[in-house]
Amino acid sequence: MNTVRKSYIETFGCQMNERDSEIMGQLLNNADYSPTNDIQQADIIVINTCSIREKAEQKVYSLLGRLRKLKEKNPALIISVAGCVAQQEGERLQARMPLVDIVLGPQHIYRLPELVSKATLKGMPQIAVDLSPSFEIPRYVPPSPLMFRQKDERPVSPDHFKKFVTIMQGCNNFCTYCVVPYTRGRETSRDPDDIITEIMALAEHGVKEITLLGQNVNSYGKPLNNGRQHTSFSKLLRKVAAIDSIKRIRFTTSHPKDLSHDLIECFAEIEKLCPHFHLPVQSGSNHILKRMNRGYTAEEYLAKVDTLHNVRPDIVLTTDIIVGFPGETDKDFQATMDLLKTVRYHGVFSFKYSDRPQAKAVAFSEKIADEVKSERLSCLQDSQNKISLQRNREYEGSIQLVMIEGLSKNGDGQWSGRTMGNIIVNFEGPSTLSIGQEVAVIIKEGLLHSLRGALVL
Ligand code: SAM
Ligand code: SF4
């Protein structure tokens, strides 16, 4: 009889959720559950959810619907729903989906093993969704050995050399369209010593690239609830850069209003800081930015972009844009299109506005019809695709330092990796190369979403 208990985790949404899932995986591993990729084999299933847009939420309910048969076959199976939908729906979710045993919000992920024991022993659903205004991210969870390759083993996936590290949780900005302050709670920064301890442990296990995560990393360092600590984000970056074997540092996401000169200067000073900046603008219209409560104008945003370009001319800029926010006129939308042409982003994540529970904009009048949103979205994406292609063509003939992530998804035997600016490069090279190795590649062709090149010998 197979006595090894198995855990299966499905993650929706952002990188913060990916890291939260990894933490829950570590905790389950410490509680003697080993991970499986086969949902049919699982003794516990965790669905880590996202509610940032309506579509993301619908996916969760459709997956839960599909799990009914599994639960009928194996009533001892524990089904847990974590993340923002869990926080938002709480008991309602369990009432609507009685097959769910555990509902836990983002502040409660560290309690997963305890909730599993309670659900198993008591046979009662466990709901953990209180949002504490004085929440602090618990101290460092030691990485599970399963997360790493064995000593002397060649890395077999990017997971073996690049990792996310959460540096803060929650958000105080209350953009009027956004659910995050209600699902992830008030902003809290993690102790810098704790962050550095975690990164040093990762570095010891062969990790070379770190992405620092938070909803608004630019405001990292506001005092902790216990009154300690005043490290700014730029100071934290310098501390991470001082760890010898960390070769690449990235971060996401940044709020334009909190982008300081000090942080911009880091791009000139810290060689390991990758020249990629994801700076969500949301709209190019001041009227809409005001209604969104973003705290900057298009002109202020563009001035910061100019400074970034002056300090680091090779910087790769990406952004998020919402179309069809309540009250967005053709003129407002045109202002967004104009901004795209001015900045010439390398890439844009664009979304149709959707009402989110508790967000202020739910009550805004002048809602935009779905056909208009769709038209604006495809117009914006067409225009951006042309810009992205032009941007990528500008690399033709240049030599880029590429960190190898594996074989190309095209199945043509080529290697695939990323530039310092985070652009995917597929290139020809010998089979003796390995994942995690940094190599020079000459770029031969710029495509819409990637570059093609050859190893410089
Ligand atoms: N904290 C980041 C910031 O300040 O921009 C991003 C947070 S959110 C996880 C990612 C993106 O989802 C946002 O930048 C926004 O473009 C989009 N988004 C958030 N709420 C939305 C909504 N109600 N409808 C459509 N898109 C939304
Ligand atoms: Fe949401 Fe705005 Fe906070 Fe980003 S800054 S998480 S968009 S409230």
Side-chain angles (χ1 to χ4, degrees), residues 11-20 48-58 83-85 87-88 106 131 164 166-189 211-220 222 233 251-259 277-285 288-296 301 304 317-328 333 336 339-340 345 347-364 367-368 370 372-374 376-377 380-381 384:
T11 309
F12 292 95
C14 61
Q15 293 157 329
M16 299 275 301
N17 264 12
E18 279 181 45
R19 176 60 190 140
D20 284 353
N48 195 7
T49 62
C50 170
S51 66
I52 198 79
R53 286 171 292 277
E54 209 171 12
K55 245 190 187 166
E57 200 179 323
Q58 284 160 0
C84 290
V85 176
Q87 183 63 46
Q88 187 185 291
L131 263 189
F164 295 132
T166 303
I167 63 164
M168 60 200 298
Q169 164 82 292
C171 183
N172 291 348
N173 284 317
F174 292 92
C175 301
T176 54
Y177 51 81
C178 187
V179 76
V180 168
Y182 307 98
T183 55
R184 287 193 172 262
R186 294 291 66 73
E187 184 179 293
T188 174
S189 291
T211 303
L212 303 174
L213 292 180
Q215 291 299 342
N216 178 12
V217 292
N218 297 163
S219 72
Y220 173 83
K222 291 188 180 149
F233 183 54
F251 59 82
T252 196
T253 300
S254 306
H255 195 302
K257 79 173 162 52
D258 296 315
L259 171 51
F277 210 125
H278 184 67
L279 194 60
V281 66
Q282 313 299 356
S283 169
S285 151
I288 295 297
L289 287 171
K290 194 153 187 228
R291 276 169 75 92
M292 287 176 164
N293 190 31
R294 288 292 285 176
Y296 53 84
Y301 180 93
K304 289 190 176 175
L317 286 180
T318 54
T319 200
D320 291 346
I321 289 181
I322 297 177
V323 299
F325 186 76
E328 185 188 70
F333 177 63
T336 302
L339 184 132
L340 282 195
Y345 294 103
V348 170
F349 298 90
S350 47
F351 314 102
K352 288 198 272 185
Y353 167 79
S354 58
D355 273 343
R356 298 289 65 218
Q358 292 177 280
K360 231 176 160 182
V362 174
F364 287 7
K367 291 275 157 65
I368 306 297
D370 194 53
V372 177
K373 286 190 215 168
S374 300
R376 287 181 185 166
L377 189 69
L380 184 139
Q381 288 175 342
Q384 179 55 40

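When a ligand or atom number is given, it counts from 1 through the structure's own listing order. Below, each value reflects all heavy atoms present in this structure, side chains not excepted, and no hydrogens, waters or symmetry copies. Numbering starts at 1 and runs along the sequence shown. Not measured: the values here are computed from a predicted model.
Within the set D320, N218, V362, the minimum heavy-atom distance to atom 13 (C) of ligand 1 is found for D320. Of the candidates R53, R356, K352, M292, R53 brings a heavy atom nearest to atom 18 (N) of ligand 1.
Between F351 and V323, the closest side-chain pair of non-hydrogen atoms is not below 4.5 Å. Side-chain contact between Y345 and V281 is present, with heavy atoms from C-beta onward closer than 4.5 Å.
Applying the 4.0 Å criterion to heavy atoms of I52 picks out, from ligand 1, the atoms 8 (S), 9 (C), 12 (O), 19 (C), 20 (N), 21 (C), 22 (C), 23 (N). Here is the list of ligand 1 atoms found below 4.0 Å of a heavy atom in Q215: 1 (N), 2 (C), 7 (C). Contact atoms of ligand 1 toward Y353: 24 (N), 25 (C) (distance under 4.0 Å to a heavy atom of the residue). Within the listing of ligand 1, atoms 2 (C) sit less than 4.0 angstrom from a heavy atom of T253.
Ion pairing between a basic and an acidic side chain is recognised when a charged N comes within 4.0 Å of a carboxylate O; E328 and R291 show no such pairing.
Residues satisfying the side-chain contact (heavy atoms from CB on, under 4.5 Å) criterion with T253, sequence neighbours excluded, are H278, P280.
If you check which protein heavy atom lies closest to atom 7 (S) of ligand 2, you get Y177 OH, 3.3 Å. At the shortest separation from atom 27 (C) of ligand 1 among protein heavy atoms lies I322 CD1, 3.6 Å.
Residue contacts with ligand 1 include S354, since one or more of its heavy atoms lies under 4.0 Å from the ligand. Put simply, part of R294 is less than 4.0 Å from ligand 2, judged by heavy atoms.
Donor-acceptor pairing under 3.5 Å is lacking for the side chains of N173 and N293. With 3.5 Å as the limit, one finds no donor-acceptor pair spanning the side chains of Q87 and Y182. Side chains of S219 and E187: a donor on one and an acceptor on the other come within 3.5 Å. Using modelled atom types and a 3.5 Å distance limit, the side chains of S51 and Q88 yield a donor-acceptor pair. Donor-acceptor pairing under 3.5 Å is recorded for the side chains of Y177 and R294.
Proximity of P280 to ligand 1, defined as any heavy-atom pair under 4.0 Å, is confined to the side chain (atoms from C-beta onward). By the criterion of a heavy-atom distance under 4.0 Å, the side chain of Q282, and not its backbone, is placed next to ligand 1. At a 4.0 Å heavy-atom cut-off, ligand 1 touches Y177 through backbone and side chain alike. Residue contacts with ligand 1, taken as heavy atom pairs separated by less than 4.0 Å, involve R294 solely via side-chain atoms from C-beta onward.
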Worked check of side chain to side chain donor-acceptor pair (under 3.5 Å) between S350 and Q384: CA-CA 10 Å; S350 47; Q384 179 55 40; over 6 Å; no
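Between Y296 and H255, the two ring planes are perpendicular [angle over 60°; tilted spans 30° to 60°].
Counting only protein N, O or S atoms, 1 lie closer than 2.8 Å to atom 3 (Fe) of ligand 2.
K360 NZ: 12 or fewer foreign heavy atoms inside a 6.0 Å radius. Counted within 6.0 Å of CZ on F174, heavy atoms from surrounding residues, nucleotides or ligands total more than 12; the atom is thus considered enclosed.
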